[in-house]
Amino acid sequence: MPGDVFSPLRAERGRGVLEGAAIGAALAVLAAYLGELRGTVPLLLLLLLGGGVAGAFAPSRRVLRGGAGVLAAVFAACLLTPVLRAPLAALTLSQPPVRADAIVVLGSGVQCGTGTLDPHSLARLVRGLELWRAGYAPQLTVSEQSDLLGPASCPRLSDLQRAQIRALYPQGGPEVLTLRRVTTTRDEAARIRDLARERGWRRVLVVTSPSHSRRATRLVAAGGVEAVSVPAGEVEFDLTLPSPHDRLAALRTLLYEALSRVKAALGGTPER
């Protein structure tokens, strides 16, 4: 009977769809955790549905299985060994602090629900204030995120940082300047360039996370001001990568930096 002939084929296709959807779901989890992409819901649905469709056909199913196997091998190497130490070191630029005209505290993130600084933002601000207290520069910059970053109800990063500084130093704190409506590090570098020309700055100390420090310092220096990298401490993982947890967090950071470079090569994010 025709139905008997096609039943095994339909069963195999059904299993393939489930297998492909499972692989797509696993990729969606990785994309959500590792990619830090905006608009993740459409992307996650696309990966889930795309995996199911690919699993329905034998040629694409074989490609899907092969790709999943290669990805699993790469992740196993990253999680079970400290192989990521060298790439992390290549991203980091740490220099001794010197006297400068200003301390540039580059922006990170805000926890919108609680209206607080995320750990990276807090660590960068603390490092910047340490440099100011040590007398390396009289001025400090903070960044105000543009409307492209987060919901409109999210508090401004610069406002939270200014409030933190006022709480610590009600009187006699540093002079704080705000880099307005920035979306990317390239935007921040452009604002620093303009301030340097306006105020006659010759040298600034760049404070950011270690894995962001080499790229950020290069962008600031491209604006014609001497940039000295004095990164804050890493708050997400131990830089020696002793555990799988540290290695997974490091992998996330490395992929974020790689995506940032790809985005910059494609033209970056438009300012608003």
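Residue numbers count from 1 along this sequence.
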Which pair of non-hydrogen atoms, one from [X] and one from [Y], has the smallest distance, and what is that distance?
| X | Y | result |
| --- | --- | --- |
| Thr253 | Ser211 | CG2-OG, 3.0 Å |
| Val105 | Gly128 | CG2-CA, 4.0 Å |
| Thr208 | Ser213 | CG2-CA, 3.5 Å |
| Ala77 | Val83 | O-CG1, 3.7 Å |
| Ala137 | Ala100 | CB-O, 3.4 Å |
| Glu144 | Ser158 | CB-OG, 3.3 Å |

Interatomic spacing from [atom1] in [X] to [atom2] in [Y] - rounded to 0.5 Å:
| X | Y | atom1 | atom2 | result |
| --- | --- | --- | --- | --- |
| Leu251 | Asp246 | CG | CG | 12.5 Å |
| Glu234 | His212 | CD | NE2 | 12.5 Å |
| Arg197 | Arg193 | CZ | CZ | 5.0 Å |
| Ser121 | Gln164 | OG | CD | 11.0 Å |
| Leu129 | Gln161 | CG | CD | 9.0 Å |

(request) Any ring pair (Phe, Tyr, Trp, His ring centres under 6.0 Å) involving residues 140-161? Give me the pairs, sequence neighbours left out, ordered by first then second residue. (result)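 Residue pairs passing ring pair (Phe, Tyr, Trp, His ring centres under 6.0 Å), neighbours aside: none found.
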For the backbone of [Y] and the side chain of [X], can you confirm whether one donor and one acceptor N or O come within less than 3.5 Å of each other?
| X | Y | result |
| --- | --- | --- |
| Asp187 | Thr184 | yes |
| Asp101 | Val204 | no |
| Gln145 | Arg181 | no |
| Arg247 | Cys78 | no |
| Arg99 | Gly135 | yes |

Quick check: do [X] and [Y] have side-chain heavy atoms less than 4.5 Å from each other?
| X | Y | value |
| --- | --- | --- |
| Arg199 | Leu177 | yes |
| Leu80 | Pro244 | no |
| Tyr256 | Leu254 | no |
| Ile103 | Val207 | yes |
| Leu241 | Leu88 | yes |
| Thr185 | Arg215 | yes |
| Leu195 | Leu179 | yes |
| Leu122 | Val235 | no |

Side-chain heavy atoms nearer than 4.5 Å, only ILVMFWY residues, links allowed to pass through others: does that put [X] and [Y] together?
| X | Y | value |
| --- | --- | --- |
| Ile192 | Leu205 | no |
| Val206 | Leu219 | no |
| Val142 | Leu157 | yes |
| Val220 | Val98 | no |
| Val176 | Leu106 | no |

Quick one: list whatever passes side-chain contact (heavy atoms from CB on, under 4.5 Å) with [X], sequence neighbours left out.
| X | result |
| --- | --- |
| Leu160 | Val110, Leu117, Pro155 |
| Leu79 | Leu248 |
| Pro138 | none |
| Leu64 | Ile23, Ala54 |

(message) Using the salt bridge (Lys or Arg N to Asp or Glu O under 4.0 Å) criterion, which residues pair with Arg156? Sequence neighbours excluded.
(response)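 Salt bridge (Lys or Arg N to Asp or Glu O under 4.0 Å) check on Arg156 returns Asp147.
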(request) Identify, with sequence neighbours excluded, every residue that meets salt bridge (Lys or Arg N to Asp or Glu O under 4.0 Å) alongside Arg85. (result) none
Determine whether the side chains of [X] and [Y] contain a donor N or O and an acceptor N or O closer than 3.5 Å.
| X | Y | result |
| --- | --- | --- |
| Thr116 | Gln111 | yes |
| Thr178 | Arg162 | yes |
| Ser146 | Thr183 | yes |

Any disulfide bond (SG atoms under 2.5 Å apart) pairs touching [range], not counting sequence neighbours?
| range | result |
| --- | --- |
| residues 88-195 | Cys112-Cys154 |
| residues 173-241 | none |
| residues 195-263 | none |

When the side chains of residues 222-231 are checked against the rest of the protein, which donor-acceptor pairs come out under 3.5 Å, sequence neighbours left out?
residue	atom	partner	partner atom	Å
Glu226	OE1	Arg203	NE	3.2
Glu226	OE2	Arg203	NE	3.4
Ser229	OG	Leu93	O	2.4

(request) Keeping to residues at least two apart or across chains, list the side chain to side chain donor-acceptor pair (under 3.5 Å) pairs with something in residues 127-142. (result)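 Output for this query lists Arg127-Glu130, Arg133-Tyr169, Gln139-Glu175, Gln139-Trp201.
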